[in-house]
Amino acid sequence: MTIGAYQASPSRQDLVYRDRWMWLSFEAGGNLGVQGILLPSAPAQGQISWSPDESRLAMQDAQGRVWLAARSGAFVEVPGAASLPTWSFDGQWLSYCNSANALWVVGPGTPPLQIADQIECPARWSSRGYLLAYTLTAQSTTPQVYVYDPLAGKNNFVSEGARLIDWSPDGRLLALVRPDATAGRRIIFSVDPLSGKQLLAGRFLQNETGPQTWFPQSGSYLFGPYRLTPDLFSASRVADAVYAATSQSGRLLVGIGTSELITLSCLEPAAGQSHRLATANLAGYKPGLLPGVWGEISSDGEWAAAYVYDRGRYQALLSRCDGTAQLPLSDPVTVVPGEFSPNSQWYLERQIVAGASKLVVRDLTENITQTLATADHKLGLWIKPLPVIPPGGYSLTGRLEDDRNRPLEAITLLLDGLPAGVSNEDGHFSLHGLPPGEYTLSPQSDEYYFEPSDEFVRLPSDEVDFEFSGFSIESGIPPDVLQPEEEVPDEGSEGDLETGEAQPGSQFIPSGNPFILLPWICGGGLVLLVFLLFAGVIRAVRRRRKRRAEILPEPESPVMEDDTAPVRVQPSEALLDQTQKTKIADRAATLESKSVPQEETGEERLQSWLGEGVQLVRQGQLARGAEALRKVVEADADNATAWMWLGWAAAKSGDRQLAVRCFRRAKQLGHPRAEQALIWLRKTG
């Protein structure tokens, strides 16, 4: 089904026509329901930003005013906004720029807050967390990239001399660009803002064809023609340019050749197969409305559409990716010439013949075309299949059981953090009357932690029945509580604390039969017992202070400044003057001379210390492990993984207070399991 002259939501189930917002739904009995509200004004073409659940929208009208509107019919004008706001991944936060390019953020129940001046708009929200990335462009300094955490209210410095491109599709990595020393080239690199890892993706020509952007790919990331590993350890070039990708089939639409002559091919990296589709000759090409090479691939990877500049004219074709069939297309008239249907069985073309606009729909299975007249040749889109909404809404069901497959009763189920139901005596739960949308389902208990800890649910969905396995908190340390995310291998559940170390809450008393104390007391041993207890307390205090001195780093924890080392996330207010920088450099040189060969780089040195410290702590050599980890945080105070393992060493040593301090520091730095570690400490204290 195609619609002309509408602006559609990402799911294509909500439409805006002039000043009317409409949404469609199939109801019980097959009836099509159409509902709608009036907007405060008609949005300018393309000036709509939808919330993730599409229940709200932000828009800018022809007069430049910016509005927020909800399906309930409520709306409000955003004061001072000069650009279209962008939503956080869950729709709870908005960011926008004013006329002076100052960045503002609005949160749930909070007034607008200015967080930066003179930025490149728009800022970019991560798709997996409350992090907002932006480029600061103050005239007195070189461009700087920051990440803002609205929950903590802090701006964290990422890189200097670079500009933000965007987050990776899963919201974990940042793509940045900076000029190369060679004229006409630019350096593209990626950064993990939590760990500070950096990887050079490649050096691109300033006028290089093809999109320099992220593509989702199973088990890796694609940026332009480069494949990046998730841990940022390596990057490899798969082609000279990547124009489109599909995660369903793993096929890529790529270009081979970086000068005027480019071969367009379908590539299967896993199988090492490539099928040539067309050749572009860009001699004489002048950048304008249409790109020199444009391509799209269907979601199933079976078909590719390509529009390429070739010897003074455009060549437009529709090809099977295996090279077995090729169909001609009409000449393109817009920047995005056509579109595959969501099920990959149809292709939509736009044509203008003698001033009249038409939509041509091609059946790819039967090679049949149908022509439709439209009022505006610039529009025409596919609407995804509409779900049938049950009369009482959707339901989610599931079961909770412990590690022995026994049902868990009276466990609270949270939906987006709010109580929504309780499991029964058989461990089953049912949540009913849910409208379409996206939810996070998670069990909550003071006695158990669960695997998985939560489930992401999008309704309607094929999967509405879930199982959670509960493990007693008292039985031991959760296996994933203190495990760093990527820097070290997975670890199993830890057992009791190291033999001979002070246990939390232990007392200095004789072992064996407790009745042996009676002769002591009756025979005048009470004074001796009190003395021994007092001596034991003093000994325990001294031991704890000694452990703290061994594990906890000195109060001053400088950060190394090295343009060649991987970028580290640092709070903007912690920027150092020249005296501090000199002191840090001297300190790092001292640590280097004592611990590692001179030829090692700063990153290699830190990784060596980190790996050594983790291994020693795992083996129970707590003091030696803490010493290595202490070197890491002395050189890099923002290494969340090192702080987590220092907390683990303190916990195994029986110093829970010190462990709390380390875990809290790791939490401030964004370690994903720090909060769970703190909860475990409270439960087992």
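Listed by chain and number, the residues in a side chain to side chain contact (heavy atoms under 4.5 Å, CB included) with Ala659 are Ala650, Ala651, Phe663, Leu681 (sequence neighbours excluded). For the salt bridge (Lys or Arg N to Asp or Glu O under 4.0 Å) test, no residue two or more places apart in sequence or in another chain qualifies with Glu160. Shown here are the ring-ring contact (aromatic ring centres under 6.0 Å, His included) partners of Tyr226, two or more places apart in sequence or in another chain: Phe204. By the side chain to side chain contact (heavy atoms under 4.5 Å, CB included) test, Ala239 pairs with Val254, Ile256, sequence neighbours left out. The ring-ring contact (aromatic ring centres under 6.0 Å, His included) search around Trp50 returns Trp21, not counting sequence neighbours. With sequence neighbours left out, the ring-ring contact (aromatic ring centres under 6.0 Å, His included) criterion links Phe89 to Tyr130. Residues meeting the salt bridge (Lys or Arg N to Asp or Glu O under 4.0 Å) test with Glu120, sequence neighbours left out: Arg163. Under the side chain to side chain contact (heavy atoms under 4.5 Å, CB included) criterion, Ala102 pairs with Asn98, Trp104, Gln114, Asp117, not counting sequence neighbours. A search for side chain to side chain contact (heavy atoms under 4.5 Å, CB included) contacts involving Ile165 returns Ala175, Val177, Ile188, Phe223, not counting sequence neighbours. For Asp180, the salt bridge (Lys or Arg N to Asp or Glu O under 4.0 Å) partners two or more places apart in sequence, or in a different chain, are Arg203. Listed by chain and number, the residues in a side-chain hydrogen bond (donor to acceptor under 3.5 Å, both in side chains) with Tyr134 are Asn155 (sequence neighbours excluded).
In this structure, CG in Leu264 is found 5.5 Å from CG in Leu277, a value given to the nearest 0.5 Å. Taking CG from Leu199 and CG from Leu173, the interatomic distance works out to 9.0 Å, rounded to the nearest 0.5 Å. Separation of atoms OG (Ser190) and CH2 (Trp167) is listed at 12.0 Å; rounding is to 0.5 Å. Gln198 CD to Ser159 OG: the interatomic distance, rounded to the nearest 0.5 Å, is 6.5 Å. Atom CG of residue Leu174 and atom CZ of residue Phe189 lie 9.5 Å apart, to the nearest 0.5 angstrom. One finds the CG atom of Leu136 at 6.0 Å from the CD atom of Gln144 (value rounded to the nearest 0.5 Å).
The shortest distance between side-chain heavy atoms of Ser195 and Thr641 does not fall below 4.5 Å. For the pair Leu151 and Trp93, the minimum side-chain heavy-atom distance is below 4.5 Å. By the 4.5 Å heavy-atom criterion applied to side chains, Tyr285 and Glu260 are not counted as neighbours. Between Tyr96 and Leu84 the shortest side-chain heavy-atom distance does not fall below 4.5 Å. Put simply, the side chain of Gln92 does not reach to within 4.5 Å of the side chain of Pro150, judged on heavy atoms. At a threshold of 4.5 Å between non-hydrogen side-chain atoms, the residues Cys266 and Leu253 count as touching. The side-chain heavy atoms of Cys97 and Ile119, taken from C-beta on, include a pair separated by under 4.5 Å. Inter-residue side-chain proximity for Leu132 and Leu103 is flagged as met; some heavy-atom pair is nearer than 4.5 Å.
The two residues Val617 and Trp648 have their closest heavy-atom pair at CG1-CD1, 3.2 Å. The two residues Ser299 and Thr246 come nearest to each other via the heavy atoms O-OG1, 2.7 Å. Residues Leu646 and Cys662 approach most closely at CB-SG, 3.9 Å, considering heavy atoms. Of all heavy-atom pairs between Pro52 and Asp90, the closest is CG-C, 4.0 Å. When all heavy atoms of Leu622 and Ala649 are compared, the closest pair comes out as CD1-O, 4.0 Å. The two residues Pro85 and Val66 come nearest to each other via the heavy atoms CD-CG1, 3.5 Å.
Within the structure, the salt bridge (charged side-chain N to carboxylate O under 4.0 Å, His left out) test picks out no pair touching residues 215-230 (sequence neighbours left out).
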Criterion side-chain hydrogen bond (donor to acceptor under 3.5 Å, both in side chains) on Ser95 and Thr86, from CA distance to verdict
CA-CA 5 Å; Ser95 65; Thr86 56; 2.8 Å; yes
Please walk me through it: do Leu194 and Leu669 pass side-chain contact (heavy atoms from CB on, under 4.5 Å)?
CA-CA 7 Å; Leu194 295 181; Leu669 297 172; over 6 Å; no
Stepwise, does the side-chain contact (heavy atoms from CB on, under 4.5 Å) test hold for Trp87 with Leu94?
CA-CA 5 Å; Trp87 301 85; Leu94 273 176; 3.5 Å; yes
Apply side-chain contact (heavy atoms from CB on, under 4.5 Å) to the pair Thr213 and Asp166, showing each step before the final yes or no.
CA-CA 8 Å; Thr213 186; Asp166 207 347; 5.7 Å; no
Audit row: Lys667, Trp643, side-chain contact (heavy atoms from CB on, under 4.5 Å) steps and yes/no:
CA-CA 9 Å; Lys667 179 182 177 181; Trp643 283 106; over 6 Å; no
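Formation of a donor-acceptor pair under 3.5 Å by the Arg665 side chain with backbone atoms of Ala637 is found in this model. Judged by distance alone, the side chain of Ser99 and the main-chain N or O of Ala82 form no donor-acceptor pair under 3.5 Å. Side chain of Asp454 to main chain of Ser442: no donor-acceptor pair is present (N/O by atom type, distance under 3.5 Å, no hydrogens or angles). Between the side chain of Arg661 and the main chain of Arg664, no donor-acceptor pair closer than 3.5 Å is present. Side chain of Ser274 to backbone of Leu267: no donor-acceptor contact under 3.5 angstrom is found. One N or O on the side chain of Ser127 and one on the backbone of Pro169 form a donor-acceptor pair closer than 3.5 Å. When atom types are taken as modelled, the side chain of Ser126 and the backbone of Leu131 share no donor-acceptor pair closer than 3.5 angstrom.
A salt bridge is defined here as a Lys NZ or Arg NE, NH1 or NH2 lying under 4.0 Å from an Asp or Glu carboxylate O, and Asp636 with Lys631 fails to meet this definition.
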